[in-house]
Structure formats: C-alpha cells, structure tokens
Amino acid sequence: MGLMGLYLAISLMVMGLVGSELIKKAFPEVGVIVAAGAILLYYLPIDILIRYFFQKYPSIEIQPYLILPIPRKRVSGYLLFRSLLSFFNFIPFFALIPFLLGGGLAEFSSIQIISFLLFASGLVVLSNYISFWITKGLDLKNYLTGIILVGLFLVLYFDYEGYISVFPFLLKVSSALFSSVVFPLAIPALAVLSFLALRAYFAKQLYADSIERSSTFSGVGMKLSWFGRFGLAGRLMDLELRLILRSKRARSYLLMSVALLVLPFIMMTGEKEVPDVTYLFISLFLTGGIAMNHGQLMLSWNSMHFDLLMTRGVSIKDIFTAKYYFLVLTCVLTFLLSLPYLFFFPKLVLFNVATLLFNASFSILIYMLLASYNSMRIDPDEGGAFSFSGFGMAHYLIGIPIIVVPIILYYAANFFGGMSAGIMTVSVFGLVGVLAHKYLIQLCTDIFKKNRYKISSAFRNG
Amino acid sequence: MIRLENLRKEYSGKEVLNIEKLEINSGQILGLVGNNGAGKTTLFSLLLDIIKPTSGKVFSKDVDVAESEEWKRYTSAYLNDGFLINFLTPEEYFEFVGGLYNMSPKDVSSFLESFSDFFAGEVLGVKKYIRDLSMGNRKKVGLVGSLIGNPEIIIWDEPFSNLDPSTQIRVRNIIKEYSQNRTFLVSSHDLNHIAEVCKRILILDHGKLVRDVENTEASKKELFEFFEVV
C-alpha cells in the first residue's frame with residue numbers, strides 16, 4: 001500500500017464524489033441508479049481479474065484448526081469469512097460512499113439506497129468468492145482456470161475494440177433489476193449461494209497437504225542474470241531481481257508499476273489544456289513508479305535473510321550501493337518505456353527527463369534514509385499488492401517531499417523563466433544528487449550502522 | 001583469534017549472558033553446551049555483531065567487531081533459517097554465497113561435489129526453492145553454505161538438531177575434516193556430539209560460563225555429571 005494506496009484511495013473518493021454528475025452527463029436517458037448498477041456489473045469481470053493477480057487468499061493459517069474437534073464445514077466457513085476481511089473488499093466502498101453522499105442520495109429514496117447498497121455489497125462478495133474459487137479451488141494447471149481468465153479478458157477486450165457491446169446489454173439488465181427495489185436483491189442472494197457452495201466444496205478438499213504451498217518452483221532464470229557480472233553489487237542486484245520475480249507481493253508491485261505507464265492516456269486524453277502540474281505529477285509516477293513501490297520497502301524485502309547479509313562477505317555499504325543502482329535502473333527502464341509518448345504528448349518526455357534525474361537521486365535517497373532509520377519485517381511472499389505490513393506512518397509522510405519538492409522547484413523557476421527554466425531547475429537539482437550519489441550512499445550507510453541492531457532485531461522478531 | 005571482554009547482555013533488565021573473559025585461539029574446535037536458555041545463541045549472535053552487547057566487547061583478530069566489518073570476510077555462520085535465502089534454489093544460494101567471495105558458479109559446483117552423500121539426492125537438482133524444502137534439508141543447505149568461501153571461523157548453532165542419525169554423524173565428520181587450520185564453534189544441547197568432536201568444551205548455565213575444559217576422559221566424566229538430574 002503505502003503511497004500508492006493513499007493515491008488510490010483519494011482518486012476513488014474524488015471519482016465517487018463527482019460520479020453522479022458524470023453519470024448524468026454520460027447517460028442522460030437512463031436513471032443514475034440504473035447506470036451506476038450497469039457500471040458495477042461491468043466492473044465485476046475486471047475486479048475478478050485484478051483480484052486473481054493481486055489478492056492473497058488465506059490458507060496456511062487454518063492448519064491448526066484441522067486437528068481440533070471442529071466440524072470441517074465450520075473451518076471451511078471460517079476460511080471463506082476470513083477472505084472477506086481483505087482490503088480488496090473495502091476498495092469499492094471508497095468510491096461508493098462518496099458517490100451516495102455526493103449526489104446519489106438526493107436521487108434515490110431511502111429504500112432504494114438500501115437496495116442499491118445490498119446490490120453493490122453482493123457484487124463485492126460474489127467477486128471475492130469467484131476469484132477465491134479460481135485461485136484456490138482450481139488447480140493452477142487446470143485448463144478451466146486459463147479458460148475463465150482468458151474468457152473474461154477477451155470479453156473486455158472485444159468490448160473495448162467495439163466488436164461486441166457489453167455495456168448497452170448491462171444497461172438493460174440493470175434497468176430490469178432496478179425496476180423494483182426487490183429484484184436487485186438477486187445479487188446478494190447469489191453471493192450467499194456462492195458462499196454455501198464454496199463452503200461445501202472446500203470442506204471436502206481441506207487437507208493439510210492440499211492447502212500447503214504446493215511447489216512454487218517456476219524455473220525462472222536459473223542462470224545468473226545480466227547484472228551478475230558486475231561484481232558484488234551486481235550479485236546483490238541479481239538477488240533483488242529474483243526476489244521480485246519469485247515473491248508474490250514484490251511481483252504484484254511490479255505489475256502495478258508497469259500498469260502506471262498508461263497513466264498519461266487516462267489522465268490526459270481528450271483534455272484541451274493540461275496544466276504543467278499534471279504533467280509533473282504524472283511524470284513523477286511514470287519514471288519513479290517502480291522505484292517508489294519497490295524502494296519504499298528497501299531493506300524490509302531482505303528481512304528474512306538479513307542475518308546472512310549482515311555476517312558474510314558483504315558490507316553494509318555494498319548493500320546500499322546495490323539497492324541504489326537497482327532502483328536507478330528501474331527509473332531508466334521506465335523512462336525508456338515511456339519514450340513512445342513523444343508521439344502523443346511530446347511535452348511529457350521533457351518532464352520525464354527532469355523527473356528521471358530527480359527520482360534517480362532525491363526520491364531514492366528518501367527511501368534509503370527511511371530504511372536506515374526504521375524498517376519492519378515482511379514476508380515478500382505473503383500478502384499481495386494491498387498488504388499493509390511493513391508500512392508505518394513515515395511511509396505516507398515521505399510522499400510530501402517526493403511530490404512537493406519538485407513542484408515547488410518547478411514553479412519557483414517557472415515564475416521567472418517559464419517552463420524550460422522549471423524543467424532545467426528540477427533536472428539540475430536531480431543531476432547534482434546523481435553526481436553526489438556516492439556521498440549519499442555513505443550517508444545512509446553511516447546512519448544505518450547506528451540503527452543496525454534495532455532494525456535487524458525487528459527483522460528477526462517480526 | 002577471538003577475545004571477549006566483560007561481555008554482558010540484558011533483555012529488559014534481565015541478564016541472559018555474562019562472560020568476564022574468554023579467548024579462543026586459531027585452530028580450535030570449541031564446543032558450547034548448555035540447557036535451553038543457557039545463552040548459547042545469544043553468545044554466538046554477539047560474536048557476529050547481530051545483537052548489541054549491554055556492555056563489553058568482542059574482538060576478532062584484535063579488532064572490535066562492532067567497529068569494523070573486516071571480520072565478515074573470514075567468518076561464516078549458520079544459526080537458523082535467517083541465514084538462508086528462501087526464494088532461491090539450493091544451487092542458486094550456494095552460487096550467491098560463492099559469488100560474495102569471487103567464486104565462479106563452476107568453482108561452487110566443484111566445491112559441492114564432495115557433499116553429494118550428505119545431501120542424499122534431496123537438495124541438488126530437485127527444482128525446488130529453499131522455502132519448499134523440509135526442515136532437515138534446509139539445515140543441510142545452511143551448514144554447507146557456511147563452508148563456502150574458505151572461512152577461517154565457522155560458527156554453527158545446534159547443527160545436529162532436526163537431522164536424521166546418519167546425517168548427524170556426517171555433520172561430525174565434516175566438523176573434524178574442516179577444522180584443519182580453522183576455528184570451529186559448535187553449540188549443542190547434546191553433550192555426546194560435542195564430546196565426540198570438540199577439543200575444548202564450555203558449559204554455559206544461565207548465562208554464565210561454568211566449565212571450560214580440555215576434552216579428556218576425566219573431564220568428559222565430570223561434564224556428564226554436571227548435566228545429571230538430581
């Protein structure tokens with residue numbers, strides 16, 4: 001979560017607040033409630049796909065209950081109930097509640113609101129259990145999993161390309177449902193049915209060996225990667241890469257960061273005049289996305305093997321050096337990947353040069369400083385992209401310098417010399433940091449050394 | 001080689017270790033015996049500078065381990081799972097550790113050849129990550145990993161526990177074989193293993209060093225008597 005989570009929550013709330021106005025403009029011919037219902041139905045397959053890739057369903061924790069005198073059905077029900085507590089089930093409400101408060105309320109009668117909320121909650125639960133079933137119930141090698149996932153994806157893709165039109169169909173479904181306040185309750189009823197069916201299904205399947213992690217081996221990159229040849233720092237970077245590819249949470253951060261690359265299309269397409277601050281904001285996330293998501297947990301990623309790193313032939317400085325170069329490389333990589341924006345938003349690429357330099361020095365320095373003062377233990381293979389473990393208040397506060405400093409720098413210079421002066425100033429600020437990186441690494445190493453017992457003990461004891 | 005001076009460790013006011021003076025010379029096999037909670041792991045963790053002493057100092061080759069990182073070049077340890085990297089395969093783990101000492105993957109695999117009996121076909125080439133190995137096999141990986149890089153000091157905490165009887169004997173043989181020109185520190189709550197391999201035996205009891213003897217028939221008898229339940 002961290003910064004990304006905060007950003008996501010705020011975006012959703014804003015979206016919810018202006019939601020009913022947008023809907024009125026986009027679908028003047030149908031009621032707000034019908035259109036909102038159709039949008040939620042349309043979101044269902046997307047939600048299932050997102051959950052499949054990012055949500056971590058509970059499993060191993062139930063082992064102690066299996067040998068206690070508790071009916072299997074209750075254990076299975078407990079497992080299903082636990083999955084409801086996942087943060088994923090609360091995300092939609094970040095938009096739904098503001099939606100009702102910001103205009104939705106005025107449109108509906110109170111009984112309609114209740115029925116709409118039950119409908120929406122039912123969809124959330126249904127999506128949770130369908131995805132649970134795909135992730136845990138079906139063997140991953142099962143063809144059915146692939147068919148369902150590819151099927152969902154193809155429906156969305158064909159709809160996007162215009163070969164089929166799902167949305168008008170969903171509008172019809174939704175208007176049929178919301179023609180009465182009772183019909184929408186079909187969805188929560190389906191959710192309850194899915195719970196009962198899955199409970200029976202899992203009760204039959206629950207054995208310690210079927211829920212243990214089966215082989216997680218993927219065979220990725222047995223050979224030393226390209227980094228490996230660059231000495232000690234290279235070895236450590238190779239380790240970092242393997243960690244990302246093989247740990248669920250680190251991997252989902254990477255996917256999330258890559259998804260950020262489409263941010264300009266979402267935020268700037270169709271806008272007549274985009275303010276510079278939007279450019280700067282997008283650009284910061286574009287070139288620094290991976291560094292932000294991965295870098296804010298810096299040393300926590302290594303918490304489970306930290307004693308090895310602290311006692312064998314690598315120094316603390318080697319560790320920070322490797323972390324720094326690895327994160328710089330991710331910034332360069334995302335910069336290169338976003339170069340094609342030259343054809344769509346040429347101005348953006350100019351901003352990217354500035355934020356590349358800024359992220360490659362100042363932002364990474366902040367993550368390194370954070371790590372050298374305080375770090376918490378995490379299991380990189382536990383919890384998906386929306387896990388809170390390992391994050392403290394400081395992880396939210398660092399967003400202020402990382403976003404505010406470049407904006408202040410830019411506008412201060414912009415005031416005197418316009419856009420090019422602003423970009424130059426941010427770039428020079430970053431460039432100075434890049435040139436001084438050895439000094440910055442040493443600085444963090446020294447701070448870390450003072451705090452090393454506290455941090456490594458936190459890594460050991462959780 | 002290693003020297004402790006007035007080493008004390010407290011956890012929230014409760015003393016868990018207090019050793020006034022201890023010197024360990026190069027080439028010794030030192031056995032550390034004690035009941036649960038005697039302070040064995042605490043002592044090793046202090047030697048490795050992964051926990052902070054409440055007072056006192058640890059010197060390795062006359063350099064304070066808390067001040068310099070030089071000792072990391074010639075010291076290795078396996079205390080617990082925290083010394084394994086669980087998302088790597090055993091081969092990758094060995095290559096990673098070897099890489100820290102400029103060993104090529106080829107050097108590492110020729111080093112591993114002599115351990116094929118020890119691994120009993122369950123570790124190398126099994127296409128599993130370390131996190132998916134059994135407890136015993138993880139321990140084997142950790143022990144062998146700590147021999148990589150030609151360390152001068154090797155510290156093993158409870159190397160015999162969680163291993164099958166024949167592997168326990170193999171571990172004893174490895175200790176004997178590798179102790180040439182090396183300092184080996186081994187802890188166990190099983191006096192039999194320690195008496196079998198160690199030249200010098202220390203007994204820790206409630207954080208205090210209560211015996212420090214050469215391993216002879218006479219001293220062995222005395223040591224066994226110490227642990228007898230009255």
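Just so it is clear, the structure is predicted and the values come from calculations on it, not from any experiment. Computation of the quantities below employed the complete heavy-atom set of this structure, encompassing side-chain atoms and omitting hydrogens, waters and symmetry-equivalent molecules. Below, chain A is the first sequence line, B the second, and so on; all start at residue 1.
The number of heavy-atom neighbours closer than 6.0 Å to CG of B/Asn181, taken from other residues, nucleotides and ligands shown, is 12 or below. For OH of A/Tyr373, the number of neighbouring non-hydrogen atoms (other residues, nucleotides, ligands) closer than 6.0 Å is 12 at most. Counting heavy-atom neighbours within 6.0 Å of B/Glu10 CD, excluding the residue itself, gives a total above 12.
A/Leu243 touches chain B through backbone and side chain together, each having a heavy atom under 4.5 Å away. Interface remark: B/Asp81 contributes backbone atoms only to the contact with chain A (heavy atom separation under 4.5 Å). For chain A, the nearby part of B/Tyr101 is the side chain; its heavy atoms alone come within less than 4.5 Å. Residue contact with chain A, scored on non-hydrogen atoms closer than 4.5 Å, involves the backbone and the side chain of B/Leu88 alike.
B/Val97 has its side chain out of reach of B/Val108: every pair of non-hydrogen atoms, C-beta onward, lies at least 4.5 Å apart. The closest side-chain heavy-atom distance from A/Phe132 to A/Arg51 is not below 4.5 Å. Counting heavy atoms from C-beta on, the side chains of B/Phe160 and B/Arg172 come closer than 4.5 Å. Looking at heavy atoms from C-beta onward, A/Glu240 lies in side-chain contact with A/Trp301 at the 4.5 angstrom threshold.
At a heavy-atom cut-off of under 4.5 Å, chain A is reached by B/Ile50, B/Ile51, B/Lys52 from residues 50-61 of chain B, listed in order of number. Residues from residues 438-456 of chain A that place a non-hydrogen atom less than 4.5 Å from a non-hydrogen atom of chain B comprise A/Lys449, A/Arg452, A/Tyr453, A/Ser456, given in numerical order.
Comparing A/Leu232, A/Leu236, A/Leu239 by heavy-atom pairs within less than 4.5 Å of chain B, the highest count is held by A/Leu239. Among A/Ser315, A/Ser303, A/Ser247, the residue with the largest count of heavy-atom pairs under 4.5 Å with chain B is A/Ser315. When each of B/Gly145, B/Ala77, B/Ser146 is scored by its heavy-atom pairs under 4.5 Å with chain A, the top score falls to B/Ser146.
Using modelled atom types, no side-chain atom of B/Arg182 and backbone atom of B/Glu152 make a donor-acceptor pair closer than 3.5 Å. Of the possible donor and acceptor atoms, one in the side chain of B/Ser179 sits under 3.5 Å from a partner among the backbone N and O of B/Lys176. The backbone N or O of B/Val63 lies less than 3.5 Å from no partner atom in the side chain of B/Trp71, so there is not a single donor-acceptor pair.
With a 6.0 Å cutoff to the six-membered ring centre and a 45° limit on the axis angle, B/Lys40 does not count as a cation-pi contact of B/Phe44.
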CA sep, side-chain torsions, deciding dist, call: B/Phe118, B/Val123, side-chain contact (heavy atoms from CB on, under 4.5 Å)
CA-CA 9 Å; B/Phe118 184 67; B/Val123 171; over 6 Å; no
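Ring pair B/Phe119/B/Phe115 is tilted by interplanar angle, where 30° to 60° counts as tilted.
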